[in-house]
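Note that ligands are numbered from 1 as they come in the structure, with each ligand's atoms numbered from 1 the same way. Computation of the quantities below employed the complete heavy-atom set of this structure, encompassing side-chain atoms and omitting hydrogens, waters and symmetry-equivalent molecules.
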Amino acid sequence: MRFTVLKFGGTSVSTAARWATIGDVVAARRGAGLLPVVVCSALSGVSNELSAAVDAIAAGAGDPDAVVASLSRRHASLARELGVDPAVCTAEIDALLRVLRGATLLCEAGPKVRARVMAAGELLSTRLGAAFLAARGLAVPWLDVREILVAEESAGEARHFLSATCGFARDPAAIARLSGDVDGWLTQGFIARDRGGATVLLGRGGSDTSAAYLAARLGAEACEIWTDVPGMFTANPRQIPGARLLRALEVEEAQEIAAAGAKVLHPRCLAPVKAARIPLLVKCTEHPHLEGTRVSPDAAGGSAQVKAIAVRTGLVLVSLETLGMWQQVGFLADAFSVFKAHDFSIDLVSTSETNVTVTLDPSANAIGPGALDALEAALRPVCTPAIVQGVASISLVGRGIRGILHQLAPVLRLFEEQRVYLVSQAANDLNLTLVVDQEQVDRLVVELHGLLFAGKAKDATLGPTWAELFAPAPQAPNRKRAKREGAWWAAERDALLALADRPRFVLHGPTLDRAAEAIQRLSSVEAVFYAVKANPHPALLARFAAAGLGFECVSPGEVAAVRAATPTDRLLYTPNFAARSEVAAALGAGLRFTLDNLHPVEQWPELFRGADLHVRLDPGRGRGHHAHVRTAGATSKFGISPEQLPALREALAACGARVVGLHAHVGSGILQPETWAETASFLAEAAELFPEVEVLDLGGGLGVPARPGQRPLDLEALDAALTAVRRAWPRYALWLEPGRWLVSEAGVLLARVTQLKRKGDLTYVGVETGMNSLIRPALYGAFHDIVNLTRLDEPLEMVANVVGPICETGDTLGFSRRLPATREGDVLLIAHTGAYGRSMSSWYNLRDPAEEVLLG
Ligand code: ADP
Ligand code: ASP
Ligand code: MG
């Protein structure tokens, strides 16, 4: 009997249309003389719901009846769509209810219970699927996969029940069991049993691995992973529309891409197909005719090449500092045995003479509350540990990467401005990984991808871009249009077109007013100072002053601009490396001054006599979330490190100056609302050294989503987190300094199309201004939405790089953008340019940058 294994993921089993495709594929494989074994995930979102139900039990808030009622409704509704009797689910639903009720009564939410509860997702989806295929006349019986997949013993209860592994040697008994007179089998992904017969899970996303185990045990011809994307891409195509389809990969490369974070394949699914020399295909259930990716078990040994960028977020980094590690025999053994004792698996490692830095493997570690504190405490006798959360790894994956490091120089330059916590070059020569702050990842990936893949010719490995695959056919009905729901500029289209006689930045007054109003509704924040550097347009400054905002200035020019626009005295002055004369002038004029270095007070104490100051701290050396490793802390030119505070206190006491405010700024473009509360706690602890502190200034960095579909910063959650801080430290007033958040969305750049060009596979649309007006895409790889305002209602028919007229390859405003059939003279609108647009313009190439005007 020749088997083939087909695995369908969550979205692939959630609608009747997808099940129709499953039926077609099964029939086609049967027609080709193969016996298909279909492995299914739970309906999308169900595993998360079940996991949340167990969390609720652990928190004493379990509600089994509500959970089961909602799951039951969801499955009954799909049953109706499929035209099958919802009663096929009854036995599984009842069993789930019993387990949940029992667990709630006993308040029992351990790994064993979690495995039993979560298994229900796959048991339910396969019951529905089997009934559907039977109704279509296919003899595809339901099979309990636990008959065949038996987990190996593993240490630790969590690993045993939640992240089990199974053997994958060819299994004659299983082959005999499944070699019946049927059209195929339908079974569950994700679950297996242990030797004692208890249900265990293969780890989140583990259905791919179930399929691979079955394929290996049955000696199948192929293992097909059917999902919601048409293959493995050079990066996550949902984030990078220019991501290229990887038509062919060697199994080691696919393994490395999956392990480095590309969620499309579970990292453990490659080993079984590799051992059994079975090809693995990645296909898309919604578009079954697209070619997909073929992962071949044969090493092709092609030329060295980066094939993908993969990202893992939410990593935990542990830095172990010691003096003279190499004299200490057995230091690594002692340190690593602590990780073992606390059941933590280590992923990346880098060492220097006095420091070992590691990351914890997120797929192998279930990090419960308090686990990291316990690890830190246990490491303390051996070394000085520091734990940093919220970091991410970016991996460049491909064969022979060591041999092409020199070619990667321009790519690595992108990391110049970053804190790089750890670099690791895998021993198998397949990946180069850098660990950086999480908030940098989106932008770095866009830039890296552009440098590595944009414009590369198609070949046997690199296929079309995601955008090309999904650019709608020219005559297709209901073609997608660019109109963005709710964008102010769509409503003001006529007025904007009238302003586009030359390149112009346009600011929308009502949108500015709304932002100013919204930020002032934060009840936890005493005062908001607009960071003038984002956009110093005089009309905008006057408007914000009238709305009650203060201003944060970083140069005498900005102070002058605010003074010229409005009589306000709500000014903060936060210069960086300013000359003595500038500091003297600011203090002489009585500006509220933020000090961010010791040099001024130590060298020019006479300027500070009797002054009330704010002090900017570098949270890079703080505790908790912001505890950074030593090499990293030094790379930021801003702020005073907490170790320097005693020296600062002495220097200030000597000249009779007082610290009345502490300030920190953690980064920019941040969308996690808890960030500022963490900064506040860090500052509140530092404030213990300075009894006169009244204000904690939490800086800016409030992010704005740039891409359609991204979720904005949750201001209510921010307010709630800061309210909690105020309760803990009621004596401090909290201040914020947003720049981008207040103005970004209110601005657009308008530029007419000058020329079009086709070269190889690429189309270029040129516009009359570029990086001289808007430098963010070139400087930071920033993403700005681009639409053709002239043809806003026309369907999107082309994919193009939008470029400016500057003699510089970096002068690209957007890569692989979908536009309607665009012509010379059309007006393109580049969105979200209110912040750091005009204020960062230049006269490069002696071309005037676009001027900025206010509308409304
Ligand atoms: P399933 O439920 O079918 O198992 P998953 O959500 O686990 O699907 O995996 C598919 C998702 O993987 C895609 O929707 C895509 O967002 C993500 N993904 C991440 N990196 C890549 C990549 N390099 N190529 C393709 N998809 C990727
Ligand atoms: N349903 C499981 C999960 O969501 C397994 C899978 O879909 O691969 O983790
Ligand atoms: Mg998956």
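At least one N or O atom of S207, backbone or side chain, sits closer than 3.5 Å to an N or O atom of ligand 2. Checking only distances, F233 does come within under 3.5 Å of ligand 1, N or O to N or O. Taking distance alone, with nitrogen or oxygen atoms compared against 3.5 Å, G205 approaches ligand 2 more closely than that limit.
Under a 4.0 angstrom heavy-atom cut-off, M118 registers as lying outside contact with ligand 2. In this structure, K7 counts as a contact residue of ligand 1, since one of its heavy atoms falls inside 4.0 Å of the ligand.
Ionic pairing of R193 and D144 is not present here: no N-O contact between side-chain nitrogen and carboxylate oxygen is shorter than 4.0 angstrom.
For the side chain to side chain donor-acceptor pair (under 3.5 Å) criterion with D208, the lone passing option out of K7, R268, K263 is K7.
Relative ring orientation between W226 and F8 is described as parallel, the plane-to-plane angle staying below 30° on a 0-90° scale split at 30° and 60°.
In the candidate list L265, D228, I240, D228 is nearest to atom 10 (C) of ligand 1, counting heavy atoms.
Contacts between V229 and ligand 1, counted as non-hydrogen atom pairs separated by less than 4.0 Å, involve the side chain only.
Counting atoms of ligand 2 from 1 in the listed order, those under 4.0 Å from a heavy atom of R204 are 3 (C), 4 (O), 9 (O). Near G206, with a cut-off below 4.0 Å to any heavy atom, the atoms of ligand 2 are 5 (C), 8 (O). Those atoms of ligand 1 with a heavy atom of G10 less than 4.0 angstrom away are 2 (O).
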